[in-house]
Amino acid sequence: MAVDCGYIFEDLVRCFSESFGEEAGAHFTSRDIIYLMTDLLLADANLDIGGMTVYDMTMGTSQMLSCMEERIHDLNSDIEVTCFGQEFNPSTYAIAKADMMIRGGDPDNMRFGDTLSDDQFEGFTFDYCTFNPPFGIDWKREQKKVEEEAARGEQDRFAPGLPKISDGQQLFVLNGLSKLVPYGKMAIIQNGSPLFSGDAGSGPSEIRRYILENDWLDCIVQLSTDMFMNTGISTYIWICSKNKPAYREGKVQLIDASHCYEARRKSIGTKRNDITDKCRELIVNAYGSFENCAVYGDKSGIYCESKIFETVEFGYNKIVVERTQRDENGEIVSFRYGCTGRIYGSTGIVSEFV
C-alpha cells in the first residue's frame with residue numbers, strides 16, 4: 001500500500017513538472033528501484049552502531065532519503081538516522097523540506113542550491129549516499145565553477161577528470177565519493193554512458209580509472225528497460241564502497257537483472273515493469289552470495305545472473321603503433337600510424353592490435 005501511495009504521489013509530481021517543461025529523468029525514481037538500492041546498500045551493514053547519516057545530492061522530493069531511513073529502522077528501530085539532501089528545483093525542494101518536518105527530522109538538513117556549483121555540504125562526510133543524477137543533461141550552467149574547482153587539485157571534488165559537457169552525471173559520482181566517510185558506501189543510478197563514453201585518457205575514462213584504481217567500484221546491476229515513469233532506457237545501479245570486505249577486494253561484480261522484473265497491469269507513464277519483492281530478493285541474494293557465473297531464479301522466467309571480474313580487467317590503454325614505410329631502395333620515406341591496442345592486467349601483458 002505504501003508503495004502504491006508513493007507511485008500516486010510521484011506520478012502527480014511528474015505530471016505537474018512535465019506541464020512546465022521539466023527535463024525527463026530529473027526527478028522520478030520509482031519506489032521499487034529505491035528499495036532495491038537501499039537493500040543493496042544495507043546487505044552487509046553494521047546495524048549495531050549508534051547512528052547513521054544518509055545523503056542525497058539530487059534529492060527531488062526526498063523519497064530516497066525517507067525510504068533509506070525506513071529500511072534502516074525496519075532492521076533496527078533503535079538506530080538514529082540523520083538525513084541530508086540538496087535540491088536546486090524550488091518546487092521539489094519545498095516538498096522535501098516539508099516532508100522532513102512532517103517526519104520529525106531537521107528541515108535545515110534539506111538545502112537549496114546547485115550541487116555542482118553551489119555545494120551546501122562542503123566539508124561534510126556521510127555513511128551512505130544514494131541518488132539518481134539527471135541523465136544526458138549538460139553542465140554548461142555550472143561549467144565555470146566546476147572547472148575552477150577541478151583546477152585546484154587533488155583535494156577538490158572534480159580533480160580526477162571532467163566528463164563531456166553534454167552529460168554531467170559523472171560529476172555527481174565524484175561529488176558522492178568525496179562525501180563518503182572512509183568506510184562509506186553509495187548507490188547511484190546511471191544510464192549506459194558512464195560505462196563506455198570517452199576514449200582512453202579522456203575525462204570520462206580518467207574518472208573510471210580513478211574509481212577502479214582506488215578499488216571503490218563494488219557492483220553494477222543492470223535493470224530492465226521501462227523501469228522509470230518518464231524514460232524507457234536501460235539503467236544501471238552502481239554500488240561503490242570505500243571499504244570493501246576482504247573477499248571483494250580487487251574485484252567487481254556485474255549482475256544482469258534485465259530479466260528480473262514483472263510487467264505492470266497498467267503502465268504509469270513509460271513505467272511498464274516493476275521490481276517486485278521476489279525480484280528484489282533474487283538480486284540482493286546474488287549480490288550477497290558473490291558467485292561467478294551463477295544464475296538466481298528461473299531462466300525461463302524471472303532471473304538474474306552474477307559474474308565476477310578482476311578490477312584490472314577493466315583497464316584499457318590506447319597505443320599508437322608506428323610502422324616505417326620504405327621505397328624500392330630500402331630507404332625510409334615515411335611512418336604509418338593508426339594501429340591501436342588494448343593492454344589488460346597488471347601481470348603478463350596481453351595485447352590485441354587492430
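Position 1 is the first residue of the sequence; numbering continues from there.
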Item checked: Test log, rule salt bridge (charged side-chain N to carboxylate O under 4.0 Å, His left out), inputs Asp226 and Arg264 -> CA-CA 10 Å; Asp226 300 323; Arg264 293 186 59 82; over 6 Å; no
Notebook entry, point to check: Do Arg248 and Tyr287 meet the cation-pi criteria used here (NZ or CZ under 6.0 Å from the six-membered ring centre, within 45° of the axis)?
Noted result: yes
Check: Out of curiosity, Leu40 CG to Ile283 CD1, how far, rounded to the nearest 0.5 Å?
Finding: 7.5 Å
Next item on the list: Would you kindly confirm whether Phe172 and Ile165 end up in one hydrophobic cluster when ILVMFWY residues are joined by side chain heavy atoms under 4.5 Å apart?
Entry: yes
Checklist line | Stepwise salt bridge (charged side-chain N to carboxylate O under 4.0 Å, His left out) test for Asp218 and Lys244 | finding: CA-CA 7 Å; Asp218 185 7; Lys244 291 182 184 179; 5.1 Å; no
Next item on the list: Apply the test salt bridge (charged side-chain N to carboxylate O under 4.0 Å, His left out) to residues Lys278 and Glu281: give CA-CA distance (whole Å), side-chain angles for both, the deciding distance (0.1 Å), then the verdict.
Entry: CA-CA 5 Å; Lys278 175 185 175 182; Glu281 183 179 339; over 6 Å; no
Item checked: Shortest non-hydrogen contact from Leu47 toward Met52 -> CD2-CE, 3.3 Å
Next item on the list: Assess whether side chain to side chain contact (heavy atoms under 4.5 Å, CB included) is satisfied between Gln120 and Thr115, documenting all intermediate values.
Entry: CA-CA 7 Å; Gln120 294 291 308; Thr115 296; over 6 Å; no
Margin query: With a 3.5 Å distance limit and no angle check, can you tell me whether Asp138 reaches the backbone of Ser166 through a side-chain donor-acceptor pair?
Written below: no
Note to self: Contact between Asp32 and Thr276 at the side-chain level, heavy atoms closer than 4.5 Å - yes or no?
What the structure shows: no
Margin query: Taking side-chain contact (heavy atoms from CB on, under 4.5 Å) as the criterion, tell me which of Met64, Arg280, Met227 meets it with Ile33.
Written below: Met227
Margin query: Treating Lys97 as the side-chain partner and Pro107 as the backbone partner, does any N or O pair qualify as donor plus acceptor under 3.5 Å?
Written below: yes
Notebook entry, point to check: Got Asp118 and Arg111 here, is their nearest side-chain heavy-atom distance under 4.5 Å?
Noted result: no
Notebook entry, point to check: Ser289 side chain to Glu291 main-chain N or O, any donor-acceptor pair under 3.5 Å?
Noted result: no
Item checked: Leu42 vs Ile72 side-chain heavy atoms within contact, under 4.5 Å -> yes
Checklist line | Trp139 side chain vs Lys164 backbone, donor-acceptor pair below 3.5 Å | finding: yes
Notebook entry, point to check: Would a distance-only check, ignoring hydrogens and angles, find a side-chain to backbone donor-acceptor pair under 3.5 Å from Asn191 to Thr235?
Noted result: no
Notebook entry, point to check: Can you tell me how far CD of Gln170 sits from CD1 of Ile207, rounded to the nearest 0.5 angstrom?
Noted result: 4.0 Å
Next item on the list: Hey, can you tell me if Tyr93 and Phe112 have their rings parallel, tilted or perpendicular (30° and 60° cut-offs)?
Entry: tilted
Notebook entry, point to check: Under 6.0 Å from the CZ atom of Phe121, do we count more than 12 heavy atoms belonging to anything else shown?
Noted result: yes
Next item on the list: For the pair His73 (side chain) and Ile79 (backbone), establish whether a donor and an acceptor sit closer than 3.5 Å, ignoring hydrogens and angles.
Entry: yes
Margin query: Do Tyr296 and Ile255 have side chains that approach each other closer than 4.5 Å (heavy atoms only, starting at C-beta)?
Written below: no
Next item on the list: May I ask you to test the Val252-Leu212 pair for a side-chain heavy-atom distance under 4.5 Å?
Entry: yes
Margin query: Can you tell me how far apart CD1 (Ile220) and CG (Leu195) are? Round to the nearest 0.5 Å.
Written below: 5.0 Å
Note to self: For a salt bridge (charged side-chain N to carboxylate O under 4.0 Å, His left out) check, start with the C-alpha distance between Arg103 and Glu69, then their side-chain angles and the critical distance, and finish with the verdict.
What the structure shows: CA-CA 10 Å; Arg103 292 191 289 115; Glu69 183 177 6; 2.3 Å; yes
Note to self: Parallel, tilted or perpendicular, judged at 30° and 60°: which one describes the rings of Phe126 and Phe124?
What the structure shows: parallel
Margin query: Less than 4.5 Å apart, side chain to side chain, heavy atoms only: is that true for Trp238 and Pro194?
Written below: yes
Check: Hey, does Thr82 have a side-chain heavy atom less than 4.5 Å from the side chain of Val54?
Finding: no
Check: Under 4.5 Å between any side-chain heavy atoms of Asp298 and Tyr303, yes or no?
Finding: no
Margin query: Are Tyr55 and Phe84, when compared by the centres of their aromatic rings, separated by less than 6.0 Å?
Written below: no
